[in-house]
Amino acid sequence: MACRGRPCCTILRRFRAVTEMTLRRRCDGDNVYQTLKDRLRDALARHIAFAYHVDMDVTLERPPRIEMGEAASPLCFELAKRLKKAPRILAQEIANALPEVAGIERIEVAGAGYLNAYFARGAFWADLAKEEKSGESNPGSGTGGGKIIVEHTSINPNKAAHIGHVRNAVLGDTLVRILRHAGRRVQVQNYIDNTGVQVADVVIGLLWMEKRTPVSVKMMAMEPHFDYDCWDIYAKATQFFAADQAQATKLRGETLRAIEEGRGEEAEVAEVVADAIVTFHLRTMARLGIHYDLLARESEILHLKFWDAAFEMLKKSGAIVLATTGKMAGCWIMPAEKESADVKCGEEATETAADDGDDEDNMQDKIIVRSNGTVTYVGKDIAYQLWKFGLLGKDFKYAKWKGAPPEETVWATTSLKSDQQAPNFGAPATTVYNVIDARQAYLQNVVAQGLRALGHAKEAEHSIHFAYEIVALTPRCAAELGYELTEEEAKKPYVEVSGRRGHGVKADDLIDKLEAATMQEVRERHAEMSEAEQVQTAHIIAVGALRYFLLKFTRNSIIAFDFADALSFEGETGPYCQYAVVRIRGIRRKGLETVGAAIGAVSTETASALLGGTAGNDLWELLLLAGSLDQAAELAISGQEPAFVATYAFRLAQAFNLFYHKFHILSEPDEQKRGFLLGLTEVVERQLLTALSLLGIEAPEKM
RNA sequence: GCGCCUGUAGCUCAGCUGGAUAGAGCGUUAGCCUCCGAAGCUAAAGGUCGUGAGUUCGAACCUCACCAGGCGCACCA
């Protein structure tokens with residue numbers, strides 16, 4: 001009896017975990033494909049442990065062609081190595097001896113030893129169609145697992161949002177939608193750096209360069225293009241500073257300090273600017289269907305002594321030290337993490353050697369508190385991260401944000417008195433996603449290092465830098481916008497936007513342009529629509545085009561933005577996916593008129609017959625894909641890649657279009673078959689709409 | 001100098017964490033609207049997966065070296 005020792009216990013424990021996971025998944029939605037895969041994996045693992053006493057991770061994949069089944073495992077190759085038997089023989093043994101798995105029709109051996117599983121197509125149909133009738137969908141506010149915080153957008157409140165900010169917000173918002181779909185409890189936060197250098201620069205631009213009074217700034221802030229005005233002022237201010245660095249340092253220092261301490265005209269103007277710009281940002285993002293639960297403001301981190309608390313913790317633990325010599329003298333710094341820290345054993349051997357020669361200028365150390373006593377962004381972010389995980393022992397006060405978009409409640413932190421109705425934002429999170437661009441990886445590491453130094457290694461691990469690459473411009477696009485490029489820049493595949501030079505595509509300009517382009521198309525195609533309908537339709541298509549465009553790239557791909565691409569509505573685009581839905585709706589409208597289109601109940605037998613064999617492959621592939629939505633969503637979460645859902649939506653739309661051209665649904669003479677085709681169309685519509693909703697994209701009735 | 005990322009079709013990108021014949025969109029070429037909407041569909045052409053070694057039953061994917069590009073290493077964020 002080999003099955004007695006410790007390994008076996010491990011195996012059993014693992015099964016229990018796997019089974020529980022499978023059960024949990026089974027309850028939470030329309031994941032037919034996922035469920036079958038889990039069952040198969042479970043059955044194979046059990047069988048192998050039982051028959052061969054081997055504990056193995058069972059990998060499952062999609063075979064290259066549908067004739068080879070719906071799920072396949074190459075596990076026999078691995079098993080063959082361990083048992084020193086031929087893989088094909090093992091595969092045959094397993095295929096013969098594996099107990100029946102619900103929903104799986106048969107298992108065959110293929111190639112050099114693959115195990116190919118064939119799903120019971122009729123049953124798959126019945127499962128998917130049944131869910132449709134019950135109308136059960138995933139609850140938006142799941143209870144599964146602990147609280148998750150997604151922080152995204154977090155734009156400096158000193159100028160209008162640009163295309164790069166939109167990528168951040170769209171990625172974050174999509175992540176939130178996918179997590180919620182999967183039943184996770186998610187809170188959305190938008191960090192407002194209202195006491196930072198960028199706001200200070202605009203304040204200096206207004207007060208010092210333009211000689212404005214606080215009253216005139218207040219008037220200005222009420223103008224509809226204040227965010228655009230600030231865009232220009234910021235560009236001018238940075239140019240001015242570049243010309244006179246000494247003055248810049250002095251002015252910035254003074255202004256920053258005044259803002260932090262909340263005194264004088266500087267603080268007054270900073271508040272006016274930041275509050276107004278945040279409201280502009282909220283409005284811009286609302287156009288794209290992006291909303292927030294909480295605006296976490298940096299001013300409160302200071303005023304409510306969050307930083308002071310964190311500062312004490314950091315000092316006490318020795319995570320930060322006061323530099324007394326070198327050019328960082330007078331600063332509190334976090335020393336660079338020693339690489340050898342993760343070498344667990346035998347470290348003493350290396351310890352004796354003198355580190356290096358140039359330790360006097362502590363290059364790798366990160367300044368947390370400047371010599372003038374002000375705190376850097378990293379310091380404030382450490383305090384903020386500690387609060388997110390409930391480790392600070394303090395909480396914000398909360399009030400409704402006055403500048404929230406219409407019919408929307410947005411909460412914000414405040415130093416004044418707290419609104420009793422405010423949700424419990426201070427409840428500790430178990431996982432935090434910080435959607436921040438890839439260039440800030442170093443700073444995010446320093447923040448994580450701070451958490452670890454305070455003994456919160458687990459939280460540091462669950463604080464995920466959801467990094468993404470920048471949105472740049474193609475040289476052609478930059479030229480179109482009238483930017484002067486150096487010869488070197490013109491040769492590159494893309495040109496980075498620059499707030500300093502005032503270069504960039506403003507979010508609202510882009511949305512306006514997209515809406516104008518879609519409006520023109522809608523007018524041409526649908527003269528019968530009312531103006532309001534046309535506007536609404538154009539808006540939905542424009543948002544679909546933009547969000548899809550930003551989501552189809554994986555996170556670490558640099559997007560070289562070009563109006564030609566973003567304004568394209570053909571091929572792999574949002575409108576393509578929306579068009580598939582519109583076609584389905586067209587069929588339904590027409591069907592109601594002509595056939596009476598009673599979808600009625602399609603028996604499993606009928607479905608099975610239509611889906612079976614080579615003749616049914618086309619229909620089956622569409623159905624299978626429609627049933628794989630949650631598989632795509634789970635993959636997007638585990639792989640931290642919202643693009644997977646975008647790809648899924650496109651592939652489903654594509655598969656539907658193929659089906660649409662092959663089968664004439666309404667003119668199908670066989671009533672049973674017509675009912676089935678209509679039913680299949682309904683399933684596809686539901687799944688496609690859900691997939692698009694995860695991307696924050698709606699589908700219009702007509703387009 | 002140190003650290004991170006990237007190199008796949010003419011262009012822009014996928015490639016399910018090591019599996020079966022490497023995919024899509026755009027562009028090009030040739031077709032499809034008396035037929036549920038052509039923002040659509042069909043077909044063709046297009047690849048030494050940066051280079052070289054290694055790991056193994058099996059590599060675009062893992063390891064190492066090199067080549068090319070990008071980003072980061074501020075008392076900015």
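Every chain is numbered from 1, with letters handed out A, B, ... down the list of sequences.
Ion pairing of A/Glu634 with A/Lys37 is absent here, as no side-chain N (NZ or NE/NH1/NH2) approaches a carboxylate O to less than 4.0 Å.
Residues A/Tyr576 and A/Tyr579 keep their aromatic ring centres 6.0 Å or farther apart.
When heavy atoms are screened at a 4.0 angstrom cut-off, A/Lys662 is found touching no nucleic acid atom at all. Counting non-hydrogen atoms under 4.0 angstrom, A/His465 reaches nothing in the nucleic acid. When heavy atoms are screened at a 4.0 angstrom cut-off, A/Ser371 is found touching base atoms of the nucleic acid.
Contact annotation: A/Gln444 does not reach the phosphate of B/rC4 (side-chain N/O to OP1 or OP2, under 4.0 Å). For B/rA20, neither phosphate oxygen OP1 nor OP2 lies less than 4.0 angstrom from any side-chain nitrogen or oxygen of A/Arg65. Checking the phosphate oxygens (OP1, OP2) of B/rC41, a side-chain nitrogen or oxygen of A/Tyr576 falls inside 4.0 Å. At the phosphate of B/rG19, neither OP1 nor OP2 sits under 4.0 Å from any side-chain N or O atom of A/Arg62. Side-chain N/O atoms of A/Tyr377 include none lying less than 4.0 angstrom from OP1 or OP2 on B/rA77. Checking the phosphate oxygens (OP1, OP2) of B/rU6, a side-chain nitrogen or oxygen of A/Asn556 falls inside 4.0 Å.
B/rA68 is paired with B/rU6 under the Watson-Crick or G-U wobble criterion, all donor-acceptor distances under 3.5 Å. Pair assignment for B/rA39 gives none, since no Watson-Crick or G-U wobble pairing has each distance under 3.5 Å. Nucleotide B/rG23 forms a Watson-Crick or G-U wobble pair with B/rC13, both donor-acceptor distances falling under 3.5 Å. Applying the Watson-Crick and G-U wobble criteria (two distances, each under 3.5 Å), B/rA44 pairs with B/rU28. Nucleotide B/rU56: unpaired (no Watson-Crick or G-U wobble partner with both distances less than 3.5 Å). Checking B/rC73 for Watson-Crick or G-U wobble geometry (two distances, each under 3.5 Å) identifies B/rG1 as its partner.
By the 5.5 Å and 30° criteria, A/Tyr114 is stacked with the base of B/rA20.
In this structure, A/Arg583 and A/Asn657 have side chains that are in contact, with non-hydrogen atoms separated by less than 4.5 Å.
Judged by distance alone, the side chain of A/Asn194 and the main-chain N or O of A/Ser299 form a donor-acceptor pair under 3.5 Å.
Taking atom OH of A/Tyr660 as the reference point, atom C1' of B/rC33 lies 11 Å away to the nearest angstrom. The interatomic distance linking A/Phe553 (CZ) with B/rU6 (P) rounds to 16 Å, in whole Å. Summarising the geometry, the separation between CD on A/Glu701 and P on B/rG37 is reported as 13 Å, rounded to the nearest angstrom. Atoms CZ (A/Phe569) and P (B/rG37) sit 22 Å apart, rounded to a whole Å.
Atom name C1', nucleotides B/rC36 and B/rA43: the rounded distance is 24 Å, in whole Å. Taking atom P on both B/rU21 and B/rA60, the two are 11 Å apart, rounded to the nearest angstrom.
Applying the 90° criterion around 0 to the glycosidic angle, B/rU29 comes out anti.
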